[in-house]
Undergrad: 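I have a structure I would like to understand better, so I am pasting it below and will then ask my questions one at a time.
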There are 2 protein chains.
Amino acid sequence: MDKLDAMRLFVRVAESGSFSAVAQQLNVARSAVTRQIAGLESMLGVKLLARTTRRLSLTSAGAAYLEKCRVILNLVEAAETGLAEERQSARGPIRMSVPLSFGIRHLSPLLLEFATLHPEVTLDTEYSDQRSNLFEAGLDLTIRVTRRLEPGDVARRIGSSRTVVVASPDYLARHGKPRHPAELTNHECLCYTGASTQKWDFVVDGQEQGFPVRGRLQANNGDVLLFAAASGFGITYGPSFICADALAAGHVRPILADFVVPELGIYAVLPGNRLVPHRVRVLVDFLASRLEKQPPWEAAKRRR
Amino acid sequence: MDKLDAMRLFVRVAESGSFSAVAQQLNVARSAVTRQIAGLESMLGVKLLARTTRRLSLTSAGAAYLEKCRVILNLVEAAETGLAEERQSARGPIRMSVPLSFGIRHLSPLLLEFATLHPEVTLDTEYSDQRSNLFEAGLDLTIRVTRRLEPGDVARRIGSSRTVVVASPDYLARHGKPRHPAELTNHECLCYTGASTQKWDFVVDGQEQGFPVRGRLQANNGDVLLFAAASGFGITYGPSFICADALAAGHVRPILADFVVPELGIYAVLPGNRLVPHRVRVLVDFLASRLEKQPPWEAAKRRR
DNA sequence: TCCATTGTTCCAATTTGCGCAACAAACTAT
DNA sequence: ATAGTTTGTTGCGCAAATTGGAACAATGGA
């Protein structure tokens, strides 16, 4: 039995508080997890986890061992990272979670290129807007597009995007072009489902304000909203990396351009509690170098 | 493959400079060592050891990795030691080397008792006066009886013994009882083979001096020398833990008692470069507690 | 130049580890 | 209170990995 693997497993079980969850994340049978932990315990001669079928809790010995495992695993990672740096190459698995629209549209070609550039790197990417499963799932990084990071996040800004408000030319012809955000209440607005309050933020007189909007269509996907807007169904409010192509093609027109909020940040969010492997740093560097200077969507927009 | 085992193997190979030697020490096939190291290298993607069939040398990457392995392995050991302390018990293997005469006569019963006291400890003891193979052989500790430690040794004094000079009553009757060390040149002296110069040390006028001795019998074993002395063959000079029984039984008598050198130290010598496992500390504590206050040989002597 | 030693490679035999399925315990919901 | 669901454990058959032995190649000394 590989003791290091057992330690990794133990750390994850302790963090997630469940054998089953870890087994599922790793695509192994529950019994495998049980046996690894049991094996570790018998090797050490101490029970690490007090387990009732419903809840796990760390033994005092388990708590002590957990901390030491974290240190050791970090050092192992550091040792291999150091070697990889000496070799000037990246290798090993990277598990990441990326937002759906941005990921498919702009990240996937970059990831493909990265995979070609570094043949010994394995990429396991989950395209999802669920941010619930963060690093408990054992992810190496998450790409997040947001106005502000949540406190406690360890992140590197790898690019940015503007927010644009768009509608199709024929919608604007039919309903008129709003001159001020306050007029939006009289328009058909296409909103994200997830938004807690149905308000769109604008900057008016140097002040950021939320303006209430209403609409009959909601979706949890920006592309769908854009498609609806391009079809003349209403006005949508989204990041430029989604709307750029449609704007360039003339399917939609920008409105309220003088009021749009400051730019969105595109961040690589990293786990703060553990060491960042070399391969992950290389990937983040690569993404940043491609996104921060000449974002593809802005380039497309200039072609308009 | 257990990466930690591979690391341990790598460290030992790097230290001993030979695959075969390590394989022999661990009682595994040479091929196993080869494969472990090769596996480690392929995992890391770097060659760690530059090997010609006759000589090994560390790669620059290997040297860097070696240091990190040492740190990691120490931490793993420390983590388990910490757990064992919490459990208040010792467990695991201890490999040690002990001097022949002292080991067989006084240490082996203590080790037997220790093994009974700690059922989960495994003792692998090599009885030998060869001190050539120190910690390269992967020993956890060595017991050494000596006047002074060599510089650099990390040791704990666990007991002491005096040096006595003895001869049988009939020898003394035949040849006379020496009154001063200088008279020894006219006597038949039984010497250790190993001694570089055939001199015995005494304290004369507060000064330690070596006095030349000669004799027809030499041996590399104190018990044999004592037996020869008890048989009336000559005078021998040895530690009290060897001679005590014969003195108590009256087979030999002490001579030159006013000149004998300061006491010998009995030391547990530990590897300075790596962490001392809990079980080893417990063993050393145990030995010290049994030897330092009431050494069995001194007790026997008092019964005289 | 021959020879002994050392590291590597190949192959059969054993051991190890996995997933699946049945089981027992514990918390939830009706 | 009771049925139901979830969770951790254990037994079993099978596949994969690991081991030791032997043949091989390369290196340095006599």
Side-chain angles (χ1 to χ4, degrees), chain A residues 1-59 61-63 65-66 93 132-133 136-138, chain B residues 1-59 61-63 65-66 93 132-133 136-138:
Chain A
M1 182 190 55
D2 189 334
K3 193 182 280 186
L4 282 176
D5 278 343
M7 283 166 132
R8 273 183 265 268
L9 217 59
F10 168 60
V11 171
R12 298 185 67 154
V13 168
E15 281 174 353
S16 76
S18 155
F19 281 47
S20 319
V22 173
Q24 204 165 349
Q25 284 171 19
L26 270 65
N27 291 321
V28 294
R30 287 198 301 274
S31 54
V33 180
T34 298
R35 267 191 282 264
Q36 291 280 328
I37 301 293
L40 201 56
E41 288 177 330
S42 94
M43 269 181 158
L44 300 168
V46 190
K47 271 228 159 319
L48 297 171
L49 294 163
R51 21 197 194 277
T52 91
T53 43
R54 213 48 158 192
R55 188 159 298 282
L56 295 183
S57 61
L58 281 165
T59 309
Y65 193 58
L66 177 63
S132 54
N133 54 346
E136 289 174 4
Chain B
M1 181 191 54
D2 188 333
K3 194 183 281 186
L4 281 177
D5 278 343
M7 283 167 138
R8 272 184 267 267
L9 217 59
F10 168 60
V11 171
R12 297 186 68 155
V13 168
E15 282 174 353
S16 76
S18 156
F19 281 46
S20 320
V22 173
Q24 205 165 350
Q25 283 171 19
L26 271 64
N27 292 320
V28 294
R30 287 198 300 276
S31 52
V33 180
T34 298
R35 267 191 301 259
Q36 291 280 325
I37 302 293
L40 202 56
E41 288 178 330
S42 94
M43 269 182 156
L44 300 168
V46 190
K47 268 227 160 319
L48 297 171
L49 294 162
R51 23 197 193 275
T52 92
T53 43
R54 213 49 157 194
R55 188 161 298 282
L56 296 184
S57 61
L58 281 166
T59 310
Y65 192 60
L66 177 62
S132 54
N133 53 346
E136 291 173 3

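Nothing here was measured: the structure is a model prediction, and the numbers come from that model. So you know, we letter chains A, B, ... as the sequences are listed, proteins then strands, and number each from 1.
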Undergrad: List the atom of B:M1, the atom of B:L40, and the distance in Å for their closest heavy-atom pair.
TA: CE-N, 4.2 Å
Undergrad: When you compare the side chain of B:L56 with that of B:F19, does any pair of heavy atoms fall below 4.5 Å?
TA: yes
Undergrad: Which part of the nucleic acid, if any, lies within contact of A:D2, taking any heavy atom under 4.0 Å across all strands shown: a base, the sugar-phosphate backbone alone, or nothing?
TA: nothing
Undergrad: Taking C-beta and beyond as the side chain, do A:L26 and A:L9 meet within less than 4.5 Å on heavy atoms?
TA: yes
Undergrad: Taking A:T52 for its side chain and A:R55 for its backbone only, find out whether a donor-acceptor pair lies under 3.5 Å.
TA: yes
Undergrad: Does any non-hydrogen side-chain atom of A:Y65 lie less than 4.5 Å from one of A:M7?
TA: yes
Undergrad: Do you know which two heavy atoms are closest between A:T59 and A:A50, and how far apart they sit?
TA: OG1-N, 3.9 Å
Undergrad: What are the atom names and distances for every N/O pair under 3.5 Å that joins the protein to nucleotides 26-30 of chain D?
TA:
from, atom 1, to, atom 2, distance (Å)
D:dT27, O4', B:T53, OG1, 2.6

Undergrad: Tell me the closest heavy-atom pair linking A:S16 and A:V22, and the distance in Å.
TA: OG-CG2, 3.3 Å
Undergrad: Please list, in numerical order, the residues of residues 30-44 of chain A that have a heavy atom closer than 4.0 Å to any atom of DNA chain C.
TA: A:S31, A:A32, A:R35, A:Q36
Undergrad: Is the distance from OP1 or OP2 of C:dA26 to the nearest side-chain N or O of A:R51 less than 4.0 Å?
TA: no
Undergrad: How many Å lie between CG on A:L26 and C1' on C:dG17, as a whole number?
TA: 15 Å
Undergrad: Please state how far atom NZ in A:K3 lies from atom C1' in C:dG17, giving the value in whole angstrom units.
TA: 18 Å
Undergrad: Mind calculating the distance between CE (B:M1) and P (D:dA16) to the nearest angstrom?
TA: 19 Å
Undergrad: Indicate yes or no: at least one non-hydrogen side-chain atom of A:L58 is less than 4.5 angstrom from one of A:L48.
TA: no
Undergrad: Tell me: CG of B:D5 to C1' of C:dT16, nearest whole Å?
TA: 14 Å
